[in-house]
Structures are given as structure tokens and as C-alpha cells.
Amino acid sequence: MAIEIFNTQNRRKQEFIPLKGSKVGMYVCGVTVYDMCHIGHARSMIVFDVIARYLRHKGYDLTYVRNFTDVDDKIIARANKEGVSYKALSEKYIHEFYTDMGYLGIEKADVEPKASEHIPQIIDMVKALMDKSYAYEANGSVYFSVERFKGYGKLSGRKIDDMIAGARVEVDNSKRNPLDFALWKKSKPGEPWWDSPWSRGRPGWHIECSVMSTHYLGPTLDIHGGGKDLIFPHHENEIAQSEATYDVPFVRYWIHNGFVTINNDKMSKSLGNFLTIRELSKEAHPEVLRLLLLSRHYRSPIDFSMDTIKDARAGLTRFYEMLLRVHNVPKNATKPRLSGIVSGFREKLDEAMSDDFNTARAIAHIHELTTEVNKLLDARPEVAQADVETIESAMGEVRDILGIMKEDPVKFLESMKHRGLDEIGIDLAELEDLIRQREQARKVKDFKKADSIRDELKARGIALKDTPDGTLWERI
RNA sequence: GGCGGCAUAGCCAAGUGGUAAGGCGACGGUCUGCAAAACCGUUAUUCACCGGUUCGAAUCCGGUUGCCGCCUCCA
């Protein structure tokens with residue numbers, strides 16, 4: 001099934017046709033490494049991780065490039081404040097980034113370039129823009145002239161005149177037009193610098209992405225992604241720089257993900273509603289976070305709360321319990337029972353994902369699959385040996401595309417239980433003792449005592465279930 | 001002020017012209033000592049509001065209201 005992608009450029013879904021057959025080049029704006037990553041970064045990384053996984057699953061030969069911005073005003077400011085070099089600071093947070101990505105199960109990109117390691121290429125591109133009169137020098141800095149680039153504003157749907165009329169453009173006397181942006185910044189004392197024809201300075205923010213993307217993927221990218229907030233000015237400026245330099249379309253498909261909000265507000269430090277991935281890793285299993293962040297379409301805002309975590313946890317538990325059930329049921333069936341259900345599921349999964357990476361619909365299909373399998377096993381609790389492989393292969397597909405269902409069901413369900421136990425402050429030995437007491441009471445039909453133990457545990461957040469194999473517990 | 005987005009049941013949420021997916025919750029049932037889990041059934045004649053186009057609209061167009069984002073660093 002052909003993939004359709006919603007292209008920010010024209011706000012329509014379009015069939016995905018790469019420039020060079022099955023070879024696909026995708027560039028995603030990574031992070032500026034001056035602080036810990038938050039849940040908003042997690043969403044963006046997960047969204048593009050899933051897009052990369054799906055493209056590969058569909059057989060595309062993908063080259064995925066995701067950069068680190070490791071020289072920039074915020075990094076320098078923070079490094080100076082902490083009395084360390086910009087390099088030491090950025091390296092520290094790159095390390096933290098990898099820790100978080102590892103936790104979330106996000107695959108590495110094929111190339112992860114750093115701005116500071118591409119200074120010669122950046123200088124070359126600035127030179128080229130100077131030569132073509134798209135850029136000018138002023139006081140040792142170099143600016144891009146937005147008026148010289150005829151398509152300026154085409155991605156974000158803005159007009160230069162309208163923006164100048166707006167009250168919030170910065171005033172900078174060295175610029176010819178307030179919207180012009182720095183390609184090269186002359187460094188102040190105490191800031192990192194590199195020699196250039198214009199000054200000892202450092203690159204502007206936007207130029208690094210134009211340089212590194214084309215350096216690794218060529219002048220036209222199939223896909224360029226990032227958060228919605230990057231549409232203007234960052235991506236608009238990238239288009240201007242790149243198309244002015246190479247005279248070919250910069251990007252075929254622009255993909256932008258929506259924000260994560262908390263109580264419907266964008267996360268920001270000033271609002272104090274900032275949740276880091278590190279903090280969350282104590283609260284939630286990584287697959288729960290992935291499921292939560294993939295449960296809404298990537299372009300919509302997603303609101304984050306303890307309730308939505310709980311929903312995601314319940315959903316994931318349901319999937320693993322179904323999987324475990326298939327494993328545990330007798331393998332006596334003479335004919336496979338799950339093949340029809342599973343092949344239907346795989347088709348629907350592909351249909352959902354090919355429709356602009358609709359992970360929300362894909363997840364709904366996993367729920368439907370779960371219901372159908374449970375129904376079948378309720379009617380007759382047995383499968384054929386082949387059914388185990390069938391369900392495993394379907395879950396393997398889910399794992400490859402969405403990055404969930406990677407764990408052994410027994411281990412997952414156990415870890416969820418124990419994670420919950422710590423949170424509500426119940427000691428495992430105490431719990432097991434209470435369960436034993438209740439078993440004894442039930443044996444002698446002292447249901448009053450049995451029920452009171454169950455009620456007590458329920459009040460403390462533990463639900464018991466009696467099965468033919470004994471009493472099981474789980475957190476409510 | 002300019003540009004853009006969103007408004008679907010108690011909650012989360014899919015759905016861009018063909019007669020409202022999925023999950024959570026709630027209620028009834030099967031099962032159970034009773035429960036839980038699982039399964040079955042019920043839970044939006046209707047998609048913020050008002051007009052219009054159409055044989056037909058949650059979906060397209062115009063307007064109104066509310067919320068949000070971008071225009072300054074931002075995933």
C-alpha cells in the first residue's frame with residue numbers, strides 16, 4: 001500500500017514518492033544540547049523513530065540524519081554560567097540524550113552530525129551565498145537577505161511585509177531588514193570562535209541544518225521533520241539558504257509533529273510545567289510512554305497527565321496478557337485458529353500506518369486483535385502450535401514499527417506489578433503472607449475472613465484474582 | 001496586529017462527501033463461594049453554534065463563539 005504523507009508545504013496529504021526510487025533521505029532537527037530532554041522531545045523523537053521504522057519496514061533504503069546543535073547562544077550562556085567550556089557542556093548533554101533515548105527504545109539515526117564538526121562546510125555555504133548576493137556582511141557578521149529570496153515565507157504562509165508590520169520583530173541595526181537572519185556571528189570575548197573570511201566567529205543557528213542535511217543527503221531531501229514550532233523561522237530559513245545556494249527544491253515532504261501539553265498549556269520553563277524524560281522514567285515503563293505518545297495522531301497536540309499514563313498502562317497490560325494467554329493455553333488444536341484474525345490485523349495495521357502514519361488507528365487495531373483472540377480462547381481454550389508463531393509474528397511487526405511489545409510477557413507483567421508495589425508502598429513479603437492467609441481461610445470456607453483480607457488489599461491498591469492455579473494479584 | 005490549527009459520548013480518541021473506529025469508565029449478563037480477569041449486551045439519531053453547496057456533510061464553503069500555537073529560544 002502506498003504511503004500518504006501530510007506535507008506541511010501545501011497542507012495536504014500526498015502520495016510519498018522519493019526522488020530516487022527506493023532510496024530515501026530523511027533529516028530531522030534534533031536537540032540543542034544545553035539541558036535535559038523533556039517529554040516534548042520524547043514525542044518528536046518517538047514520532048520520527050516510528051516513521052523511520054515504518055519506512056524501513058516498507059522496504060525503503062532509508063538514510064536517517066538527526067543532528068545535534070552543539071554551538072549556540074543558550075549553550076554558551078549556560079556553559080559560562082557553570083564555568084565550563086561549551087564543548088564540555090554539550091558533550092555532557094549529548095550523553096544524557098543517549099541515556100534517555102536508550103530508555104525510550106529509540107533507534108540511533110544513521111548519521112548524527114554536530115554543528116561544531118562541520119564548520120568548514122558551513123563557511124563554504126556562507127561564501128556561496130555571499131557570492132550569489134543572497135548574503136551580506138556587517139560588522140564581522142553575515143546575514144541572509146530575506147528580500148533577495150523570492151519564495152521567502154512559502155512554508156509558513158507568511159508575507160515579509162506582514163511580518164515587519166508585526167510588533168515583535170527584533171531590532172538590530174546591522175541588519176538591512178529586521179527579518180534578515182545571521183548566517184555567521186562574530187564572536188564576543190569568551191565565546192567559542194573559528195576563523196572565517198569575515199571574522200573570528202561561529203555559525204548562526206539555521207545554517208547548520210542546511211549544511212549538514214545536504215552534506216549527507218544531497219541538495220534535495222525526501223523528508224525533513226521536526227516540531228511544529230520549527231516551521232517558522234527555522235525551516236523557512238533553511239529553505240531560503242538551501243534553495244538560494246543550490247537552485248533546486250530543498251525538501252519534498254515536510255513533516256511536523258504537534259506539541260505535548262500539560263493541562264493544555266505548552267510546556268515551558270517559565271510556566272514551571274516542565275517534565276523531563278528522566279523524571280518520567282521513574283514513573284512509567286518506556287513502552288507505556290511510547291504507547292501514550294503514539295495514541296494520538298502525530299500532528300495533534302497531546303495532553304499529558306497521570307490519567308493518560310494510566311490508560312496507556314492498562315492498554316499495554318491488556319496486550320501482554322493476551323499474548324501470554326496464547327502462550328499458556330494448550331496446543332491441542334488440530335487446525336490453526338488465529339491465522340485469519342492475524343492476517344486481517346496485519347492488513348489493517350499497514351493501512352493505518354500508510355495513511356500518514358496513523359498510529360492511533362494502528363493501536364485501535366491492536367485492541368481489536370486482542371478482543372478477537374480473547375473471544376476465541378474464551379469459546380475454546382486451545383490453539384495449534386502454529387498459532388503461537390502466528391501471533392508472535394504479528395507482535396513482531398508491532399514491535400518493529402511501533403517499538404512496543406518488545407518484552408517477554410511474563411517479565412513485563414511481573415515488572416509492572418513490582419513497579420506498582422513500590423509506588424503504593426506495600427512490601428512483597430507482607431502481600432504474599434496475606435494472600436496465603438486468605439487461601440487458608442478460603443479452604444475452610446471462612447469467606448468472611450477471606451473477603452476482609454481482599455477488601456483490605458483493595459483499599460491499599462491491590463486487586464486479587466482467584467484462578468484454578470492459585471491467587472494472582474495486580475495493582476489497581 | 002499578521003499567520004495557522006483545533007472544537008466528535010462522562011473521559012481519552014479515529015474518522016477530509018455515503019450515513020459515527022478503538023480504549024477507559026458506568027450499567028446489565030455469563031463465569032465465580034462472592035469477587036477479579038475475560039467474554040456478551042447497553043452507553044453519541046449525532047459530531048461547538050448559525051447559514052450555504054450537494055441526492056447525500058462530522059467531513060466542502062461562509063459566518064459566529066471558545067480554546068491553542070507561531071510571529072523571540074523552543075520538539
Side-chain angles (χ1 to χ4, degrees), chain A residues 6 8 11-13 28-32 34-35 37-48 69 72-74 77 153 156-159 161-170 179 205 225-234 236 256-261 264-269 291-292 295-297 299-303 305 307-308 310-315 317-318 321-322 325 348 352 355 358-379 381 442 445-448 450-451 454-455 458 463-468 471-474 476:
Chain A
F6 183 92
T8 309
R11 300 196 178 79
R12 281 208 323 263
K13 276 189 208 170
V28 174
C29 288
V31 292
T32 301
Y34 74 106
D35 204 348
C37 287
H38 59 247
I39 184 71
H41 295 113
R43 184 186 198 189
S44 186
M45 294 304 135
I46 288 172
V47 162
F48 289 101
T69 297
D72 128 300
D73 291 348
K74 288 194 299 285
S156 54
R158 293 151 202 263
K159 295 187 184 77
D161 292 345
D162 290 345
M163 285 189 280
I164 291 170
R168 297 174 75 185
V169 288
E170 83 184 83
L179 293 175
W205 173 38
K228 264 190 161 67
D229 49 346
L230 297 179
I231 295 172
F232 190 89
H234 186 53
E236 195 69 71
H256 291 97
N257 66 274
F259 291 125
V260 178
T261 60
N264 290 317
D265 281 321
K266 182 181 169 180
M267 261 191 294
S268 77
K269 292 194 170 175
L291 186 68
L292 163 56
S295 65
R296 261 206 104 164
H297 187 91
R299 277 186 278 114
S300 305
I302 187 166
D303 199 51
S305 71
D307 277 354
T308 51
K310 212 173 160 185
D311 267 13
R313 190 171 60 208
T317 302
R318 185 168 183 254
E321 279 178 343
M322 176 274 286
R325 204 175 165 195
K348 285 186 246 172
D355 182 9
N358 196 326
T359 54
R361 218 157 71 204
I363 290 165
H365 293 316
I366 307 174
H367 275 291
E368 287 162 357
L369 171 74
T370 302
T371 300
E372 288 189 57
V373 169
N374 277 329
K375 188 192 289 194
L376 203 98
L377 296 182
D378 265 18
R442 289 182 72 219
K445 303 221 184 287
D446 182 357
F447 295 122
K448 202 173 169 185
D451 289 354
R454 188 172 63 197
D455 290 344
K458 190 177 178 185
L464 299 181
K465 27 181 169 177
D466 300 319
T467 75
T471 297
L472 305 178
W473 60 272
E474 71 179 20
I476 297 167

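Heavy atoms only: backbone and side chains are in, while hydrogens, waters and symmetry mates are out. Not measured: the values here are computed from a predicted model. Protein chains get the first letters and strands the later ones, always in sequence-line order, with residue 1 at the start of each.
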Considering just the side-chain nitrogens and oxygens of A:K159, establish if one lies under 4.0 Å of OP1 or OP2 belonging to B:C71.
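Result: no.
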Indicate whether OP1 or OP2 belonging to B:A75 is found under 4.0 Å from a side-chain N or O atom of A:H41.
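Yes, within the criterion.
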When you compare [N] with [M], how far apart are their [atom1] atoms, in angstrom units rounded to a whole number?
| N | M | atom1 | result |
| --- | --- | --- | --- |
| B:G69 | B:A20 | C1' | 29 Å |
| B:U54 | B:G10 | P | 35 Å |
| B:C6 | B:U45 | P | 25 Å |

Base B:C12 to side chain A:R296, donor-acceptor N/O within 3.5 Å cut-off:
no
Return whichever of A:P301 or A:F6 has its heavy-atom-nearest nucleotide of RNA chain B closer to the 5' end.
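Looking at the nearest nucleotide for each, A:P301 comes out on the 5' side.
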Between A:D303 and A:G157, which residue's closest nucleotide on RNA chain B lies nearer the 5′ terminus?
A:G157
By the 4.0 Å heavy-atom rule, please label A:L230 as base, sugar-phosphate, or nothing.
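Sugar-phosphate only.
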Determine the contact category for A:G258: base if any of its heavy atoms lies under 4.0 Å from a base atom, sugar-phosphate if only primed atoms, P, OP1 or OP2 are that close, otherwise nothing.
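Contact class for A:G258: base.
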Both distances under 3.5 Å, Watson-Crick or G-U wobble: report the partner of B:A44, or none.
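Because no pair has both required distances under 3.5 Å, B:A44 counts as unpaired.
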Mind checking who B:C67 pairs with, Watson-Crick or G-U wobble, both distances under 3.5 Å?
B:G5
For every nucleotide of nucleotides 27-38 of chain B, 5' to 3': is a protein heavy atom under 4.0 Å from its base (B), only from its sugar-phosphate (S), or from neither (-)?
------BBBBSB
